[in-house]
Amino acid sequence: MKTQTSDHYITEIKRLKAEKNAVILAHFYQTGDIQDIADFVGDSLALSQKAAANSADIILFAGVKFMAETAKILAPEKKVLLPDMNAGCSLADSCKADDFEKFLKANPGRTVVTYVNTSAEIKALSDIICTSSNAVQIVESLPADEKIIFAPDRNLGNYVLNKTGRDIVIWNGTCHVHEEFSLEAILRMKKENPDAKIIVHPECELPVRMVADFIGSTSALLNFTRKDESKTYIVATEAGIIHQMKKENPLKNYLPAPPRDSTCGCSECSFMKLITMEKIYRCLLNEKPEIHLDKEILLKAQKPIRRMMEISEKLGL
Ligand code: 13P
Ligand code: SF4
């Protein structure tokens, strides 16, 4: 049951949105109530596309910092708000600009394909950005003999390498949620639910990907449960996506894949879950915290993101 306070925030958020011509863009890893008040819910690719094409004056991002930064890079004339600046990303944090510059120097002559889960500084050092929805297609769009650097997720990088067979040097970063899923616990769950399909985000480690019936981005996983005829799924990604799966197909069962430490609650992204209804309300009311980026970094980062958007559009992604 929703509390009176939560209802109050929801009413106020709706009023402020209309008054200020603001939109709320929410990632699938947000809590269900936040997904429900958003104007648009999606994966990181769809959210970037939405940020680039809307008529609002203010974008409030219910997600993490790299997503809000990407929105600002694509829509610099808009005010982009993030309700909690501590909503970072362990994967983006694993790739600092100084270290990345050294890595690029140590591996010269390679095209730099960077996952969107990075800071604006890292994007500014990249040739082309990708998300988990288009990483394989972005790499395939490059000439077959092109040597590539993929950063920062080693699991997504390894997935792309296996799919494309390209010459790829991979940065050694991981996400604290996706690397924690336990293969043993997933297999135990599968034994107890033999008809369940195991669906996995490509940020998961290879042993977990190897037992998957389907691998894809959050929106691809959602789409799979929409079309597939099974009744039960073991879902190896952040548990927030299950809210949309249940909304679309309430009669199916969705079992969050268990992490190695059953007491840690690590199938939830602690950064994503820093965003609350109250923080959204205060952020819209005060129009802060606001994303500000160095102009030079912003302009440099725009190029590789736009390149990704153009390729995605051409491929109908
Ligand atoms: P998606 O690209 O599937 O939205 O994933 C983003 C993310 O942060 C995965 O952990
Ligand atoms: Fe970053 Fe992992 Fe959270 Fe996604 S789930 S935002 S990769 S920390």
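Please read these numbers as outputs of a predicted model, since none were measured by experiment. Heavy-atom basis, side chains included; hydrogens, waters and symmetry copies ignored. Order of listing sets the numbers, starting from 1, for every ligand and every atom in it.
- Between Asp39 and Lys17 there is a salt bridge, since at least one side-chain N of the basic residue sits less than 4.0 Å from a carboxylate O of the acidic one.
- At least one heavy atom of Glu203 sits closer than 4.0 Å to an atom of ligand 2.
- Residues Arg15 and Glu19 are paired through a salt bridge, judged by an N-O separation under 4.0 Å between the basic side chain and the carboxylate.
- Using a 4.0 Å cut-off to heavy atoms of Ser90, the atoms of ligand 2 that qualify are 8 (S).
- Remark: aromatic rings of His176 and Phe271 are close, center separation under 6.0 Å.
- Between Trp171 and Phe150, the ring centre distance reaches or exceeds 6.0 Å.
- A salt bridge links Glu296 to Lys300: one of the charged nitrogens lies within less than 4.0 Å of a carboxylate oxygen.
- Within the 4.0 Å heavy-atom criterion, neither part of Phe28 lies near ligand 1.
- The closest protein non-hydrogen atom to atom 4 (O) of ligand 1 is His27 NE2, 2.7 Å.
- Protein heavy atom closest to atom 9 (C) of ligand 1, with residue, atom name and distance, is Glu203 OE2, 3.0 Å.
- Nearest protein heavy-atom neighbour of atom 5 (O) of ligand 1: His201 NE2, 3.4 Å.
- Closest to atom 2 (Fe) of ligand 2, if we only count protein heavy atoms, is Cys175 SG, 2.3 Å.
- Taking 4.0 Å as the cut-off, His178 counts as a neighbour of ligand 1 on heavy-atom distance.
- Counting only heavy atoms of the protein, atom 2 (O) of ligand 1 lies nearest to Ser44 OG, 2.6 Å.
- With a 4.5 Å cut-off on side-chain heavy atoms, Asn21 and Ile58 do not count as touching.
- Compare Ser133, Ser132, Pro202, Ser217 by their heavy atoms: the one nearest to atom 1 (P) of ligand 1 is in Ser132.
- With Asp43 contributing its side chain and Ala46 its backbone, the two residues share a donor-acceptor pair below 3.5 Å.
- Scanning the protein heavy atoms around atom 3 (Fe) of ligand 2, the nearest turns out to be Cys269 SG, 2.4 Å.
- The shortest contact between atom 1 (Fe) of ligand 2 and any protein heavy atom is with Cys89 SG, 2.4 Å.
- Residue-ligand proximity, Thr218 to ligand 1, at heavy-atom distances under 4.0 Å covers atoms 1 (P), 3 (O), 4 (O).
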Steps toward side-chain hydrogen bond (donor to acceptor under 3.5 Å, both in side chains) verdict (Thr114, Ser126): CA-CA 6 Å; Thr114 302; Ser126 307; 2.7 Å; yes
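- Counting atoms of ligand 1 from 1 in the listed order, those under 4.0 Å from a heavy atom of Asn117 are 7 (C), 8 (O).
- Considering backbone and side-chain atoms alike, Ser219 places every N or O at 3.5 Å or more from each N or O of ligand 1.
- In summary, Arg166 and Glu146 do not engage in a salt bridge, as defined by a charged side-chain N under 4.0 Å from a carboxylate O.
- Here His176 fails the criterion, with no N, O or S atom under 2.8 Å of atom 1 (Fe) of ligand 2.
- Contact annotation: the side chain of Ile13 approaches that of Ile24 to within less than 4.5 Å [non-hydrogen atoms, C-beta and beyond].
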